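Down below is the structure, laid out as structure tokens.
Remember, it's a predicted structure, so these values are computed and weren't measured experimentally. By convention in this document, chain letters (A, B, ...) are assigned in the order of the sequence lines, proteins followed by strands, and residues within each chain are numbered from 1.
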Number of protein chains: 2
Amino acid sequence: MSLITLFSQAAPGALKLDRSSLKNQSTELLRTYIVSGRIPPGTKLAERELADLLGISRMPARDALMDLEREGLVVSKPNGRYVIEVSKEDVQNLLQVRLELEKLAVTLAAQHTCPAYRAALETNLQQMRKAIQQNDRNAYIKSDLEAHELIWQQAHNPYLLKMLHSIMGPIFMFIASHTEFQTNWHETLQMHEALASAISVGDAARAVKSIEEQLENSRQLSLRIFV
Amino acid sequence: MSLITLFSQAAPGALKLDRSSLKNQSTELLRTYIVSGRIPPGTKLAERELADLLGISRMPARDALMDLEREGLVVSKPNGRYVIEVSKEDVQNLLQVRLELEKLAVTLAAQHTCPAYRAALETNLQQMRKAIQQNDRNAYIKSDLEAHELIWQQAHNPYLLKMLHSIMGPIFMFIASHTEFQTNWHETLQMHEALASAISVGDAARAVKSIEEQLENSRQLSLRIFV
DNA sequence: ATGCCGTATATGGTATACCATATACGGCAT
DNA sequence: ATGCCGTATATGGTATACCATATACGGCAT
């Protein structure tokens with residue numbers, strides 16, 4: 001009996017191997033844990049300790065830490081590396097830069113609209129509505145992020161995409177560490193709908209206005225947080 | 001006789017040690033060589049070869065290459081790492097992002113103007129005038145970069161500063177690889193004077209207009225280059 | 001009790017050996 | 001002559017040992 005036959009009933013990917021290097025697996029794992037707050041700000045990240053925890057040698061652990069350091073999620077001090085602590089002021093600075101990058105992104109996305117992209121944005125909005133209906137916070141956050149990701153892709157500027165990715169980590173960390181940072185889902189949905197519609201009809205000016213509203217909203221929320 | 005006495009006549013720093021790690025020294029050296037074009041685009045950068053060249057082991061060489069990869073000056077392919085090749089299209093994308101970041105920077109800088117900053121900008125302009133008078137291309141480029149660096153610092157946003165730094169590497173590579181990319185020095189000086197003056201009087205709108213002109217100028221020049 | 005000093009300890013940095021994998025290349029079968 | 005196949009080679013990935021340095025900490029002199 002062939003292997004194919006043996007596993008024909010198994011879930012796809014049941015035998016999937018980790019083709020990615022230990023370094024990249026470590027980076028992704030750590031990033032997820034840090035951004036979500038499961039590894040809290042200020043935590044010390046020693047190479048040896050991390051390597052033991054992951055059951056690997058110091059080198060891939062070290063590589064991962066250096067990646068996260070370049071990404072801005074980890075800082076080096078003379079006596080070790082630590083998870084960054086994002087202050088209120090940091091978030092203001094981050095959002096300030098993000099706003100300009102997002103404005104450029106929606107402008108470019110509006111210029112590149114096409115049926116396939118419009119469909120993708122619409123599908124995303126449906127997911128967001130479904131998440132709200134089911135009161136599923138995780139699904140909501142996921143679709144929120146995906147909406148932005150879609151737009152960033154549509155902008156067709158790889159450098160812009162890279163910068164937007166890199167700036168989101170610390171921002172999400174801050175949000176994660178303040179669960180009281182509660183957005184009004186319906187309001188956000190409306191803003192997303194307005195943004196998607198503006199982009200889909202190629203109205204850059206309206207898209208920019210919409211993203212400005214969204215981020216101003218985030219800024220106000222972050223300001224209200226007591227740190 | 002004391003060491004101090006022995007070296008009292010020596011130039012300051014005559015005994016200066018390299019306190020920086022081999023990794024950082026390697027990164028800086030490679031960056032300089034790549035950005036200036038002395039290591040041309042497309043050059044293969046093998047860890048072992050680089051380590052031998054620098055007389056160090058593979059690890060710091062590897063670390064340096066990974067830093068440069070993060071920085072966007074080096075790319076990984078399945079069979080090795082290579083110096084990036086910046087296309088005309090890449091420069092357009094880079095300048096597009098840079099423009100938005102610079103606009104934010106000059107706006108913020110204008111808000112933070114103070115006597116010390118005004119003096120720094122004026123000193124820089126004098127250096128630039130001197131370089132032009134002496135027809136010193138290197139001094140001119142240096143003062144040009146320093147002008148932007150001063151403004152970026154005045155913006156007081158560390159994330160913005162980091163992004164502007166990271167985006168300049170590939171742009172300078174492109175310029176370096178096209179020596180025909182000749183700017184009109186007097187014209188550039190005038191634009192710098194206008195920009196510095198706008199920032200120093202806190203006129204953000206005029207500063208933005210000025211930086212837009214400058215970068216549009218760069219864009220036109222880069223478009224004219226035959227690749 | 002206080003303050004200094006020296007050693008212990010923890011940390012990142014570096015060197016080196018070996019492993020996994022992709023590519024290159026040469027010879028052999030046809 | 002052509003195309004395939006297998007081995008050689010080059011490359012990055014990983015593990016491990018040791019080094020340099022900053023910090024922590026405990027005991028000793030005062």
Separation of [N] [atom2] from [X] [atom1] (nearest whole Å):
| X | N | atom1 | atom2 | value |
| --- | --- | --- | --- | --- |
| B:Asp63 | D:dG12 | CG | C1' | 13 Å |
| B:Met66 | D:dT14 | CE | P | 10 Å |
| A:Asn79 | D:dT23 | CG | P | 6 Å |
| B:Arg58 | D:dT16 | CZ | P | 16 Å |
| A:Leu54 | D:dT14 | CG | P | 12 Å |
| B:Leu50 | D:dT11 | CG | C1' | 14 Å |
| B:Asp52 | C:dT14 | CG | P | 17 Å |
| B:Lys77 | C:dA24 | NZ | P | 12 Å |

When we call it a touch if two heavy atoms are under 4.0 Å apart, what does [X] touch: a base, just sugar-phosphate, or nothing?
| X | answer |
| --- | --- |
| B:Leu65 | nothing |
| A:Arg62 | base |
| A:Lys44 | sugar-phosphate |

Checklist entry - Can you find a pair of side-chain heavy atoms, one from A:Gln134 and one from A:Tyr140, that are under 4.5 Å apart? => result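 No - every pair of side-chain heavy atoms lies 4.5 Å or more apart.
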Checklist entry - Is there a side-chain contact between B:Arg81 and B:Lys44, using heavy atoms and a 4.5 Å cut-off? => result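 No, every pair of side-chain atoms sits at 4.5 Å or beyond.
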Item to check | Identity of whatever pairs with D:dG13 - Watson-Crick or G-U, under 3.5 angstrom | outcome: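 Paired with D:dG13, as far as the under-3.5 Å criterion goes, is C:dC18.
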Next on the checklist: Going by purine N1 to pyrimidine N3 plus the second Watson-Crick contact, or the G-U wobble pair, all under 3.5 Å, which nucleotide sits opposite D:dC5?
Outcome noted: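 In the structure as shown, D:dC5 has C:dG26 as its Watson-Crick or wobble partner.
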Checklist entry - More than 12 non-hydrogen atoms from neighbouring residues, nucleotides or ligands closer than 6.0 Å to CD on B:Glu49, yes or no? => result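 Not buried by this count: 12 neighbours or fewer within 6.0 Å.
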Quick one: which of [options] gets closest to the side chain of [X]?
| X | options | value |
| --- | --- | --- |
| A:Glu47 | D:dT23, C:dG13, D:dT16 | C:dG13 |
| B:Ala46 | D:dG12, D:dT23, D:dT14 | D:dG12 |
| B:Arg48 | D:dT14, D:dT11, D:dT16 | D:dT11 |

Next on the checklist: Counting only side-chain nitrogens and oxygens, does B:Ser57 get under 4.0 Å of the OP1 or OP2 atom of C:dA15?
Outcome noted: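 For B:Ser57, the contact criterion (side-chain N or O under 4.0 Å from OP1 or OP2 of C:dA15) is met.
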Checklist entry - Distance from A:Leu164 atom CG to A:Leu160 atom CG, nearest 0.5 Å? => result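 That separation rounds to 4.5 Å.
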Checklist entry - Is it true that A:His165 and A:His148 have ring centroids separated by less than 6.0 Å? => result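 Ring centres of A:His148 and A:His165 not closer than 6.0 Å.
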